[in-house]
Amino acid sequence: MITAPAAPESRPALARRGVALWSALGVLVVGGVVVGNVLSDREQRRLEQLAATEPSAYEAQQELNRVGAETAALVGLTAEGHPEANGSLACIRPDGVQGFSYMAHTIEDVALPDLTTGLTEARRFWEGMGYGVSERQIGETTVLSGHPPDGGRIALYVNPQGTALGGETFCSLTDGGPED
């Protein structure tokens with residue numbers, strides 16, 4: 001059976017359908033913005049709570065400098081630490097949020113009297129503080145790296161020509177430095 005084509009809709013019916021479509025689209029867009037703002041507000045509160053509980057990048061630098069000075073004294077270094085960079089560095093946290101970090105003061109000195117003993121002492125000290133520790137060779141330089149539980153890194157570079165100690169803090173939500 002052959003049927004006749006449907007009668008075209010009247011202009012008022014088409015207009016009502018158009019208004020309904022645009023109204024529905026407007027509700028979806030506004031709803032999406034509201035949901036996005038709610039999620040953004042929740043994320044902002046989460047970040048504020050986290051920032052209130054973790055140390056600033058500057059405070060983390062002070063702690064890392066303390067650990068560096070103790071490590072240097074333990075392995076027999078006598079040189080003073082000096083700032084590697086002034087001010088904070090921008091970094092991206094594992095959750096994708098921008099944060100701040102600082103370089104630890106660098107200590108450069110002569111070769112250790114006994115490379116193996118120095119590396120063993122530093123390893124024991126860092127492991128005793130709960131750091132994860134790894135070791136690798138770069139040419140004739142042994143690099144001992146300590147990784148604090150909250151992130152960041154401290155590294156001891158030793159070879160027969162000299163010794164260096166440095167590092168970088170974890171990526172904190174707050175700078176906290178003197179210029180902050």
Side-chain angles (χ1 to χ4, degrees), residues 36-113 115-138 141-159 162-180:
N37 285 341
V38 168
L39 291 177
S40 179
D41 289 344
R42 284 184 189 157
E43 180 65 6
Q44 186 63 35
R45 281 194 304 273
R46 181 188 75 81
L47 293 175
E48 287 170 358
Q49 289 171 346
L50 185 58
T53 61
E54 75 178 19
S56 71
Y58 188 75
E59 291 168 331
Q61 181 198 39
Q62 300 307 305
E63 173 61 15
L64 196 57
N65 286 340
R66 182 194 64 75
V67 171
E70 288 184 33
T71 302
L74 184 67
V75 300
L77 302 179
T78 58
E80 292 291 318
H82 58 85
E84 186 67 29
N86 291 324
S88 62
L89 307 170
C91 55
I92 301 296
R93 298 166 56 90
D95 59 4
V97 175
Q98 183 171 339
F100 304 91
S101 68
Y102 277 85
M103 299 300 292
H105 292 175
T106 301
I107 299 171
E108 297 172 339
D109 210 341
V110 297
L112 298 177
L115 302 181
T116 304
T117 301
L119 289 166
T120 301
E121 290 297 319
R123 175 183 289 277
R124 283 188 189 138
F125 177 56
W126 294 345
E127 287 175 341
M129 294 178 54
Y131 288 21
V133 179
S134 62
E135 186 175 315
R136 70 178 197 271
Q137 284 295 129
I138 301 175
T141 301
T142 301
V143 182
L144 185 69
S145 297
H147 306 276
D150 60 1
R153 182 176 79 90
I154 187 168
L156 179 63
Y157 300 82
V158 300
N159 68 35
T163 307
L165 180 67
E168 183 176 358
T169 69
F170 74 99
C171 189
S172 177
L173 285 170
T174 56
D175 181 331
E179 301 88 34
D180 190 25

(message) Check Glu121 with Arg124, please: is the shortest side-chain N to carboxylate O separation under 4.0 Å?
(response)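 So Arg124 pairs with Glu121 through a salt bridge.
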Give me the atom names and distance for the closest heavy-atom approach of [X] to [Y].
X      : Y      : result
Ser101 : Glu168 : OG-OE2, 2.7 Å
His147 : Gly152 : ND1-O, 3.8 Å
Leu64  : Ala104 : CD2-CB, 3.7 Å
Asp175 : Phe100 : N-CD1, 3.5 Å
Pro149 : Tyr131 : CD-CD1, 4.1 Å
Glu127 : Val133 : CG-CG2, 3.6 Å

Please answer whether the main-chain N or O of [Y] pairs with a side-chain N or O of [X] as donor and acceptor at a distance below 3.5 Å.
X      : Y      : answer
Glu54  : Leu173 : yes
Arg136 : Val143 : no
Asp109 : Thr78  : yes
Ser56  : Thr174 : no

(request) Check the surroundings of atom CD in Glu80: do more than 12 heavy atoms from other residues, nucleotides or ligands lie under 6.0 Å from it? (result)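 No - once you tally the heavy atoms of other residues, nucleotides and ligands closer than 6.0 Å, there are 12 at most.
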Student check: side-chain heavy atoms of [X] and [Y] closer than 4.5 Å:
X      : Y      : value
Thr142 : Leu115 : no
Arg66  : Gln62  : no
Pro178 : Tyr58  : yes
Gln61  : Ser88  : no

To the nearest 0.5 Å, how far apart are [atom1] in [X] and [atom2] in [Y]?
X      : Y      : atom1 : atom2 : value
Glu59  : Tyr102 : CD    : OH    : 10.5 Å
Trp126 : Thr71  : CH2   : OG1   : 5.5 Å
Leu144 : Leu119 : CG    : CG    : 5.5 Å
Leu156 : Leu77  : CG    : CG    : 7.0 Å
Thr169 : Glu63  : OG1   : CD    : 11.5 Å
Arg123 : Ser145 : CZ    : OG    : 10.0 Å

(message) So, using side-chain contact (heavy atoms from CB on, under 4.5 Å) as the criterion, who are the partners of Gln98 when residues are at least two apart?
(response)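 With neighbours one apart ignored, the set is Ala90, Ile92.
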(request) May I have all residue pairs that pass salt bridge (Lys or Arg N to Asp or Glu O under 4.0 Å) and include part of residues 142-159, sequence neighbours excluded? (result)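 Counting only pairs at least two positions apart or across chains, no salt bridge (Lys or Arg N to Asp or Glu O under 4.0 Å) contact touches residues 142-159.
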